[in-house]
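Keep in mind that what you see is a predicted model, and the values were worked out from it rather than measured. We're numbering straight along the sequence, starting at 1.
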Amino acid sequence: MSDGSFGSDFIYQSHEIVSGCVPMDKLPSAYDDETQAETLIIHMADANYDVLLRLYYTIFPSSDVITRRAVIENFNEESISLRRFMSMSLDIPDMGFNMHSFDGGWIKETHRHVRPVQYGITVNSSTTGASSNRHNPGFILSEKTANEDYGACYGFNLVYSGNHFGLVEKSNHDLVRVQLGINPLSFEWNLRKGECFEAPEAVMTFSDSGLNGMSRNFHRFVNNNIVRGQWKNKERPVLINNWEGCFFDFNENKLLSLAKNAKSAGVELFVLDDGWFGQRNSDTAGLGDYYVNQKKLPNGLDGLADKIEKMGMKFGLWFEPESVNTDSDLYRAHPDWAIKPPKGEPCFGRNQLLLDLTREEVRDYIVENVGSVLDSAKISYVKWDMNRHMSDAYSPALDSQGEFYHRYILGLYDILGRIFEPRPHILLESCSSGGNRFDLGMLCYSPQVWSSDDTDPIERLDIQSGLSYLYPQSTMGAHVSASPHQQTLRHTPLSTRFNVSAFGVLGYELELKFLNNAELKEVSEQIAFYKKHRRTLQFGTFTRFDERKDNKVHWQVSAPDGSEHI
């Protein structure tokens, strides 16, 4: 508080109930265009320090979801300091809970881990600057007898893409406390007179129909109350991405040859990945310079896009706008725009630094440059990547470095809104070295997320199964790639690769000219099957079965009207 003390005494003042959702100022949040939601606002005050607290509870009846967030406002003449400000705190009687978290790392994201809730504190958190591939912000508490189809399950998640903090604590009275919000590590926000601070929106659901029932609540909520715009509940196109087929080594003729083979197989969207801009011939140069590499694409993006469109496909493009290589025109012109420590050398990841999104001029540069590229050609899809964890969290533009991580995420949301809201036709797919930022915050801007850089179907069984507890199939990018797999060296049948990818947003990521005629025929049949059943595969009711029997994993999707089951 303003006198240096840590005590507070917020007392109920009043409450109100309003129809619909109450939008947030700078953070994304759930919405309801079916006018079923209602919001309870509780007004509280600490009269000793002239500080107000508002608690927002919004119910979404069609999804069986409640969201909760908090806003604090300072009316004192002196500043107060926020060091820990959770979005929600909930106490529930102990049911002998197991906690399910979704953990891993690069190419092994969202593996489900189950542990009993015991006395003490269990923390599920991220400190990488993103929601992270190490610990997804979503987690579950289930009674110990629960399975996929039976038993009480509580699910929690956070509409946020930065450092998160989830706490589960069993008390001596056998109450279980759950808290969720911004990670307090390195967080300190100075709140001056007249200013308010919004905590991200937390999401809560309950089902007595086991883990599948809880997942279906989350799936309805994400499809109806998180994903928005023209791509809400709209079937996603089958795409081919050139990355694993070409890497940095391509020219227009090579891309058009791949596109021609893809079109003949039934692909609807051609995506040009890394390497099309600046001096980007490896991962050591070019990030930040979003002008076309004329040696690779002498007719420019518009020339290539026009030819792809004439084939009958849409054209998409990869960006990594949050990062910069030191070997780039941008860095040579503005070295101070990169995130660096005040003293000493910065830490590199994938030969790159991050740009300081807390600075308005940096955000303006990204918005202007990415926007001009998107308007220069017929671009229908963007893959937005971010390929490193955050380090050296410091900005000379900030008075308080404890605000850095959160202001970076606010800057990211500002950029995404300014670029894509005026271009609603573009399908945005978020990516961060695969699933490093698979969260509800990004899904407010990108209707789908690249699930993992690991496209080995056996590995994807664990990755996509873990994601399915919290997120619907319509949000999961899932691609068929070459065998043996480039990372695991595992041989798998083409049918297995498709069977796994079909339970997500289907894509292909391989050089089709290396397939024989039988395999090309099989790919065409796969795509035709997927298109025929796409509505069910992307938006149908998803069911997991409890056990792996005979080394098999069983998944099912069902049409909402029960007309088909796959």
>> Can you tell me if Glu360 has over 12 outside heavy atoms packed within less than 6.0 Å of its CD?
In response: no
> Are there more than 12 heavy atoms of other residues, nucleotides or ligands under 6.0 Å from atom NZ of Lys170?
Replying inline: yes
> Among Ser161, Pro137, Ser125, Ser126, which one satisfies side chain to side chain contact (heavy atoms under 4.5 Å, CB included) with Ser132?
Replying inline: Ser126
> Is Arg544 close enough and on-axis enough to Tyr469, meaning under 6.0 Å and within 45°, for cation-pi?
Replying inline: yes
>> My understanding is that only residues two or more places apart in sequence, or in another chain, count here; which of them pass side chain to side chain donor-acceptor pair (under 3.5 Å) with Asn351?
In response: Asp283
> What class does the angle between the rings of Phe404 and Tyr408 fall in, given that below 30° is parallel, 30 to 60° is tilted and above 60° is perpendicular?
Replying inline: tilted
>> Centre-to-centre under 6.0 Å for Tyr445 and Tyr413, is that the case here?
In response: yes
>> Please tell me whether Phe139 and Phe102 form a close aromatic pair, meaning their ring centres lie under 6.0 Å apart.
In response: no
> So does Asp399 have more than 12 non-hydrogen atoms from other groups sitting under 6.0 Å from CG?
Replying inline: no
>> Show, in sequence, the C-alpha distance, side-chain angles and deciding distance for Thr128 and Met390, and conclude whether the side-chain contact (heavy atoms from CB on, under 4.5 Å) test is met.
In response: CA-CA 6 Å; Thr128 65; Met390 191 178 293; over 6 Å; no
>> Check for me whether Arg69 meets the cation-pi criterion with Tyr56, that is, NZ or CZ under 6.0 Å from the six-membered ring centre and within 45 degrees of the ring axis.
In response: yes
> Using 4.0 Å as the upper bound for N to carboxylate O, is an ion pair formed by Glu77 and Lys193?
Replying inline: yes
